[in-house]
Engineer: 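Here's a structure for you.
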Amino acid sequence: MRWQRETVTEGSREIALISSLLRLVERDAEELDVDAVRVSPDPFEALVEGRLEFCVSGAEWLSEDAEELEGIGAEVVVRRCAGGGRRLRDLYAALPLIPPRRDGSLLKNLARRTSESGVEYIVFYSKDGRAYLLEGEEYQVIVPHIPMVGSVHTHPEDHCGLSRRDVESALYAMAELSFFEASATPSCYFYMARLGFMHVDDFAYLLNRELMEPVSLRSVLTAALLY
């Protein structure tokens, strides 16, 4: 790696808070019905500084638990309760959309560099709220072992999608409970993300496959968008 930078972005902060909530719900679950489990208040309307408390229904295994996010000075707390709220499925599905929404200008700038030079870049979103920006090699970037929530790497323009190697690294990362992996060109963002725990049939279907178009699966969401 030749160039690297550690920072906190709007996206890295929001991703850390939402993913922390999801990890706390997942922690002692053997199975997870992402439609039955609900969270209140809506996390996307409650992302403030300091201590964030959430009530989770439909999760009988859950006990009160908390996680410190040292990178952004926040604490996420969950407790079991009865009632409604935002579906857990919605939170999983929203997580990979945070980078283009919050950090779109950063991703576009890095992707433009890739289009001009062929050198790829990757942004790692860590559990504690930090983002790590790394420079790779021409038309490739080697993924170091960093505990991460998700990552976005750049492709040159007109190469929107995930290569076979991209899909493989994403699958193994998500099997270890990372949440998403994405590629970004100057105009297109393509991602795959898990919805709850990844199903073995989805893992087998995607392994050794490239993704140039979205596919519909039980526990893995794939999509492309212009941004």
Side-chain angles (χ1 to χ4, degrees), residues 11-47 52-67 69 76-102 125-127 129 147-152 162 167 169-182 189-207 209 211 214-225:
S12 69
R13 182 180 183 280
E14 190 167 289
I15 286 170
L17 292 168
I18 298 298
S19 64
S20 175
L21 168 58
L22 293 174
R23 280 195 305 277
L24 289 169
V25 174
E26 290 179 348
R27 183 164 289 172
D28 294 319
E30 294 184 3
E31 296 182 356
L32 190 59
D33 186 334
V34 295
D35 293 305
V37 179
R38 294 178 175 266
V39 176
S40 61
D42 185 331
F44 285 100
E45 297 177 359
L47 299 182
L52 307 175
E53 298 188 13
F54 296 100
C55 179
V56 182
S57 62
E60 294 75 13
W61 63 88
L62 188 72
S63 57
E64 184 167 328
D65 204 352
E67 188 169 86
L69 306 176
V76 176
V77 180
V78 297
R79 59 185 176 84
R80 188 173 72 242
C81 64
R86 186 84 176 263
R87 292 187 311 167
L88 210 64
R89 173 183 294 274
D90 298 335
L91 302 185
Y92 281 104
L95 199 60
L97 297 175
I98 294 174
R101 180 167 57 85
R102 293 296 192 186
Y125 291 100
S126 72
K127 292 180 179 181
M148 64 178 177
V149 173
S151 67
V152 183
L162 295 174
V167 172
S169 69
L171 286 173
Y172 284 108
M174 291 193 296
E176 295 180 1
L177 301 185
S178 174
F179 290 92
F180 68 89
E181 183 162 322
Y189 179 83
F190 191 105
Y191 67 90
M192 61 183 291
R194 64 181 178 90
L195 299 171
F197 298 135
M198 186 165 46
H199 195 275
V200 64
D201 290 344
D202 293 344
F203 185 98
Y205 175 82
L206 290 168
L207 192 63
R209 183 185 298 269
L211 288 177
V215 295
S216 179
L217 298 170
R218 173 180 172 182
S219 63
V220 177
L221 176 65
T222 67
L225 58 94

Engineer: Does any part of the side chain of Tyr125, heavy atoms only, come nearer than 4.5 Å to the side chain of Phe179, both counted from C-beta?
Structural biologist: no
Engineer: Mind checking the OG-CG spacing from Ser19 to Leu177? Nearest 0.5 Å is all I need.
Structural biologist: 11.5 Å
Engineer: Locate the shortest heavy-atom distance separating Ala66 from Val77; write the atom from each residue and the value.
Structural biologist: CB-CG2, 3.9 Å
Engineer: Taking Gly85's backbone N and O only, do any of them form a donor-acceptor pair with Arg38's side chain (distance below 3.5 Å, no angle check)?
Structural biologist: yes
Engineer: Determine, step by step, whether Ser20 and Leu69 satisfy the side-chain contact (heavy atoms from CB on, under 4.5 Å) criterion, reporting the C-alpha distance in whole Å, the side-chain angles of both residues, the deciding distance to 0.1 Å, and the verdict.
Structural biologist: CA-CA 8 Å; Ser20 175; Leu69 306 176; 4.1 Å; yes
Engineer: Report the C-alpha separation of Val220 and Tyr205 in whole Å, then their side-chain angles, then the decisive distance to 0.1 Å, and conclude whether the side-chain contact (heavy atoms from CB on, under 4.5 Å) test is met.
Structural biologist: CA-CA 11 Å; Val220 177; Tyr205 175 82; over 6 Å; no
Engineer: Heavy atoms only: give me the nearest Leu162-Ala182 pair and the separation to one decimal.
Structural biologist: CD2-C, 4.2 Å
Engineer: I need the Leu95 CG to Leu22 CG distance, nearest 0.5 Å.
Structural biologist: 6.5 Å
Engineer: Once side chain to side chain donor-acceptor pair (under 3.5 Å) is applied, what residue pairs with a partner in residues 57-66 remain, sequence neighbours excluded?
Structural biologist: Arg27-Asp65
Engineer: Measuring from Ile15:CD1 to Leu97:CG, what's the distance to the nearest 0.5 Å?
Structural biologist: 10.0 Å
Engineer: Looking at CZ of Arg86 and CG of Asp42, how far apart are the two atoms once the value is rounded to the nearest 0.5 Å?
Structural biologist: 4.5 Å
Engineer: Would you say that Leu91 contacts Phe44 through its side chain, given a criterion of any heavy-atom pair below 4.5 Å between the two side chains?
Structural biologist: yes
Engineer: Can you tell me how far OG of Ser219 sits from CZ of Phe197, rounded to the nearest 0.5 angstrom?
Structural biologist: 11.0 Å
Engineer: Hey, are Asp202 and Arg218 close enough for a salt bridge, meaning a charged N less than 4.0 Å from a carboxylate O?
Structural biologist: no
Engineer: I need the minimum non-hydrogen distance between Ala173 and Met148, along with the two atoms involved.
Structural biologist: CB-CE, 4.1 Å
Engineer: If you look at every heavy atom in Leu24 and Val76, which pair is closest and at what distance?
Structural biologist: CD1-O, 3.6 Å
Engineer: Minimum heavy-atom separation for Leu211 to Met192, with atom names?
Structural biologist: CD1-SD, 4.2 Å
Engineer: Show the nearest heavy-atom pair for residues Leu195 and Ala93, with the distance to one decimal.
Structural biologist: CD2-N, 4.0 Å
Engineer: Under the criterion side-chain contact (heavy atoms from CB on, under 4.5 Å), I'd like the reasoning laid out for Val149 against Arg23: C-alpha separation, chi angles, the key distance, then a yes or no.
Structural biologist: CA-CA 10 Å; Val149 173; Arg23 280 195 305 277; 3.9 Å; yes
Engineer: Check whether any side-chain heavy atom of Leu62 sits under 4.5 Å from a side-chain heavy atom of Asp28, and report yes or no.
Structural biologist: no
Engineer: Taking the side chain as every heavy atom from C-beta outward, state whether Phe190 and Leu225 have any pair of such atoms under 4.5 Å apart.
Structural biologist: no
Engineer: Under 3.5 Å, is there a donor-acceptor pair between the side chain of Ser151 and the main chain of Glu181?
Structural biologist: no
Engineer: So, do Cys55 and Val39 sit near enough that their side-chain heavy atoms are less than 4.5 Å apart?
Structural biologist: no
Engineer: Considering only heavy atoms from C-beta outward, does the side chain of Ser40 approach that of Phe54 to under 4.5 Å?
Structural biologist: no
Engineer: Do Leu206 and Leu217 come within less than 4.5 Å of each other through their side chains, counting heavy atoms only?
Structural biologist: yes
Engineer: Please verify the inter-ring angle class for Phe203 with Tyr172; under 30° counts as parallel, over 60° as perpendicular, anything in between as tilted.
Structural biologist: perpendicular
Engineer: Looking at Glu26 and Arg194, is there a salt bridge between them, counting it only when a charged N and a carboxylate O are closer than 4.0 Å?
Structural biologist: yes
Engineer: Quick one, Tyr189 with Val152, criterion side-chain contact (heavy atoms from CB on, under 4.5 Å). Give me CA distance, side-chain angles, the key distance, then yes/no.
Structural biologist: CA-CA 9 Å; Tyr189 179 83; Val152 183; 4.0 Å; yes
Engineer: State the CE-OG distance between Met174 and Ser169, to the nearest 0.5 angstrom.
Structural biologist: 9.0 Å
